[in-house]
Asker: 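Below: one structure in structure tokens.
In what follows, every chain begins at residue 1, and chains take the letters A, B, ... in the order their sequences are listed.
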Amino acid sequence: MTVNEEQTTIGVALEDLTREVKALQTDGYRLVQIGCTDTGGAYEVNYSFDRGYQYRNLRLTVGPETEVPSISDIYWGAFVYENEMHDLFGIPVNGINIDFKGTFIKTAEKYPFSVTRRGGDQCRNA
Amino acid sequence: MGIFQMTKTVLRNLAGGPATRQYPAVPARTGPLTRGHVVFDPATCRSCSLCSKRCPCEAIRLDKEAKVWEIDRMRCIACGDCVESCPFGSLAMEPEYFSPVVEHVVERYTITYVKPEKPAKKPADESAGA
Amino acid sequence: MNWLIGAVLFLILAPIGGGLIAGIDRKITARMQGRVGPPLLQPFYDVGKLFEKERAVVTTAQNFYVLAYLIFIALSGALFFAGGDLLLIVFAFTLAHVFLVLGAYAVHSPYSHIGAERELIQVMAYEPMIILAAVGLYMVSGSFYVTDIVTTTVPAILYLPGVFLGFVVILTIKLRKSPFDISTSHHAHQEIVKGITTEFSGSTLAQVEIAHWYENVFLLGFVFLFFAWNPVLGIIAVAVTYLAEIFVDNVTARARWQAALKSGWLATLLGIVNLAILSYMMLGGA
Amino acid sequence: MPERIIVPFGPQHPVLPEPIHLDLVLEDETVVEAVPSIGYIHRGLERLIEKREYTEYVYVAERICGICSFMHALCYSQGIEEIMKIEVPDRAHYLRTIWSECSRLHSHLLWLGLFADSMGFENLFMRSWQLRESVLDVLEDTTGGRVIQGTCKVGGVRRDIGAEKLAEMHRALDPFEAQCRDLGDVFLNDETVKYRLQGLGVISKDEAYALGAAGPTARGSGVAMDHRETGYAAYGDLGFKPVVETAGDCYARCAVRVKEVYASIDLIRRAISEMPEGSLDVKVKGAPDGEYFSRVEQPRGEVVHYLRGNGTKHLARARIRTPTLANIPPLVKMLPGAQLADVPVVVLSIDPCISCTER
């Protein structure tokens, strides 16, 4: 039996985020990942969900210092991704259930992937 | 039989002798394809620098002016991409692993390839190896 | 004078014999696992290397405790081979382990503390059985003295099969073999690192190792007592018992401490039933 | 209330050779809370994509993990192929499947060995790794690398397996399967192993789903979720059914992996006998422009490679979500209530691969 995988991406506004996530949870979606992409000065945060190999993305676009509400009260396991968002990108996340306050991923440099750092850290090999 | 399920294996091991080998006294098993280390032939290199461009970890450096080809063995991940990309067959992959070293040395070769005197339409018979 | 010769011979030869036994053990274990295994004399190389190491200790008290452990283990073994009183021997043997536990408690490491707690649980598990074994041998031979037990012509094993089996079970605990290697094992792949011996290093650890060799020889001597009426059979029995321990080590996973305690007491129960039947028979016969 | 002590577990603990740190809050020997932290070896491989051409990044992607290496390369290549609309030849699909399943075999046998070691069963550990060695030999003979295969590339594969070698592999499968079944019997039937595993670290089906568990951790709890069902590479042709256990304890997770070993052998056997002829790769021209979430089922669970191209030779972003990261929340839920003696067993039951997680 082969299932066709479909991927959809929809934009979401910051204030609608928790409501949309809640709706997806009620629909029986599981959280696959939360990932950030910096788009030169701002971040795109992809919240990915899956139900029966149907892939849905909520895409949130935020500025560098914008606080993002945590979805860890809806998906308990979201704390790993949200701590990662904070530790690598420096995006402040509000109200994570297990907040490591920047110690989940102990990098030598704080917020190594942050947009405000761009250009400062040259890759040694480049 | 729930208890002592492992008995069969234990008896077989006792009878069959050890399956391990005493490396490094006995050399490691390698196959003909094993990616051990890259060797360079300075006599055929035409300084096209494709190898250094393709190298994913920037272990190869080529200086066209000084005719120097360098490889940093500690960076090299032996992926074999340079060997495949070399159009002149100057690079080859040997199956033996490089022996451990105690200090960081960059291997340096001087390219001895001399361009043929007159372009007499030499056929490109030395196509890529590997 | 005989007793003195026995004790001195034990003190000199037991570390050599114990080390060789450990070497053979490692070789056989390796072969059971399909490995080549270390050289036969590897345990001696290990201990020799440990003595050369720098002394790094957290609390100096631990050295004292470990030394006391070594001395009392050697003492109990020497008493045994001098043909002394079994009850006194068991007492000295237990005291030795108390010192080891105190040594582990002297350092402030969670791993060695948990190891020490587990060692105490082990003492609880095997102690009753060792005493029962002494009592059983007394009932058969009519004396607590090793000299008398060795010279008796009664085949003790025929009267004490339950006690012997129980003793073999606790021998697994004593030899620190799987499934009961809960307080420390021969390989540090354990949730509490190396348990009770985690914080010992250098010559202190070497002393623990030598004490372990003394202990093994002493325990195998105890096994011999069950077969003392026929020395040849006795030596074969000792070898077979040890091989069986290695085999069990290789075909089982490590149990939790609860199971070790339960098994120790089940073994004791087996011993008690054996002794009860024996005393009933003796009373009936009398 | 009993006194609580905190026992550090990792990042360098002999039973778990992976740099994950757990603070275990204990009451006697019972765990009441476990706080994980990672990041000891973060390598920033995601950012390396901005410096490497997209065709060369395959080698970097492959080195995210030393065990699921082939599958990282596969997932990355599939993502790029999806963005650039490249049709990969059938033979490449089949070869990719064979190497994927060989990787799964060697990963599962490695895990079974480590798992046996965590419960103090050294002999079983040695036996598992002895069997794994024969898989590694096959990988070395066919790809040139024991754990880093380096044969997957964007647009196909770099090497072929000759007909003779394929026949030899096919012949070797039957005796190998018999040996694996002997090994599996010990894991599934031995009393001491059962005593250590059953009823330990239970996580229910709903909980596993809600926590986003992946791979054998989810399937051991009865969530029938295996990305191979979507039919990437040759799985669509070969047909595939996920292995599911329902108990949700460590024993169930172990059983899933043991049965997946059998399933992988079967998949390899069918892939070899149905291997089509044809070319190995297609020429890749241009540069990727677009984005795709590429997903592949690794031995540890589903991996997500988010790839985003901007029309140049360098991708704008690669974000890799490894299965271990997804399995950390279930692990945090499993640990409370376990005995200290069981902590290594529970931690290993999710098959943690921290070097993957620290990409």
Asker: Would you call the rings of A/Y47 and A/F49 parallel, tilted or perpendicular, where under 30° means parallel and over 60° means perpendicular?
Answerer: parallel
Asker: Who in residues 74-88 of chain D is close to chain A, using a strict under-4.5 Å heavy-atom cut-off?
Answerer: none
Asker: Side chain, backbone, both or neither: which part of A/N46 has an atom under 4.5 Å from a heavy atom of chain D?
Answerer: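 Side chain only.
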Asker: Heavy-atom distances under 4.5 Å only: say whether D/Y209 touches chain A with side chain, backbone, both or neither.
Answerer: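 Both backbone and side chain.
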Asker: For D/E33, is there an ion pair with D/R4 - N to carboxylate O distance below 4.0 angstrom?
Answerer: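 No.
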Asker: If we only count heavy atoms from C-beta on, is the D/H72 to D/Q298 side-chain gap below 4.5 Å?
Answerer: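 A side-chain contact exists here, since the closest heavy-atom pair is under 4.5 Å.
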Asker: Please classify the contact of A/V80 with chain D as side chain, backbone, both or neither, using a heavy-atom distance under 4.5 Å.
Answerer: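 Answer is side chain: those atoms of A/V80 sit under 4.5 Å from chain D.
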Asker: Select one option (side chain, backbone, both, neither) describing which atoms of A/N57 are under 4.5 Å from chain D's heavy atoms.
Answerer: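 For A/N57, the side chain is the part near chain D, not the backbone.
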Asker: Give, as side chain, backbone, both or neither, the part of D/P330 having an atom under 4.5 angstrom from any heavy atom of chain A.
Answerer: neither
Asker: For D/A318, is it the side chain, the backbone, both, or neither that has a heavy atom closer than 4.5 Å to a heavy atom of chain A?
Answerer: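 Neither part; nothing is under 4.5 Å.
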Asker: Tell me which one of D/E297, D/H93, D/R295 satisfies side-chain contact (heavy atoms from CB on, under 4.5 Å) with D/Y232.
Answerer: D/E297
Asker: Can you tell which part of D/A210 gets under 4.5 Å to a heavy atom of chain A, answering side chain, backbone, both or neither?
Answerer: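 D/A210 touches chain A through backbone heavy atoms alone.
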Asker: side-chain contact (heavy atoms from CB on, under 4.5 Å), that's the test. Do A/C36 and A/I91 meet it? Break it down for me.
Answerer: CA-CA 9 Å; A/C36 308; A/I91 301 175; 3.8 Å; yes
Asker: Would you call A/E84 and D/R321 a salt bridge, taking side-chain N to carboxylate O under 4.0 Å as the test?
Answerer: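 Looking at D/R321 together with A/E84, the answer is no, because their closest N to O distance does not fall below 4.0 Å.
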Asker: Quick one: what part of D/H21 sits under 4.5 Å from any heavy atom of chain A, side chain, backbone, both or neither?
Answerer: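 The answer is neither part of D/H21.
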Asker: Pick from A/I34, A/T37, A/L31: which one has the most heavy-atom pairs with chain D under 4.5 Å?
Answerer: A/T37
Asker: Go through the steps to decide whether A/L24 and A/L58 satisfy the test side-chain contact (heavy atoms from CB on, under 4.5 Å), and finish with yes or no.
Answerer: CA-CA 10 Å; A/L24 282 172; A/L58 295 181; 3.8 Å; yes
Asker: With a 4.5 angstrom heavy-atom cut-off, could you sort out which part of D/L325 is near chain A: side chain, backbone, both or neither?
Answerer: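 Both backbone and side chain of D/L325 come within 4.5 Å of chain A.
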Asker: Whether D/E101 and D/R228 form a salt bridge (side-chain N of Lys/Arg under 4.0 Å from carboxylate O of Asp/Glu) is what I want to check.
Answerer: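 Salt bridge between D/R228 and D/E101, a charged N being under 4.0 Å from a carboxylate O: yes.
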Asker: Give the member of A/Y55, A/Y75, A/F79 that has the highest number of heavy-atom pairs under 4.5 Å with chain D.
Answerer: A/Y55
Asker: Checking D/E291 against D/R319 for the salt bridge (Lys or Arg N to Asp or Glu O under 4.0 Å) test, could you report, in this order, the C-alpha distance in whole Å, the side-chain angles of both residues, the deciding distance, and whether it holds?
Answerer: CA-CA 11 Å; D/E291 58 177 343; D/R319 187 268 192 274; over 6 Å; no
Asker: May I ask you to decide whether D/E229 forms a salt bridge with D/R219, counting only side-chain N to carboxylate O separations under 4.0 Å?
Answerer: no
Asker: Hey, is the main chain of D/A214 close enough, under 3.5 Å, to the side chain of D/N327 for a donor-acceptor pair?
Answerer: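 Yes, the answer is positive, given that a donor and an acceptor are paired below the 3.5 Å cut-off.
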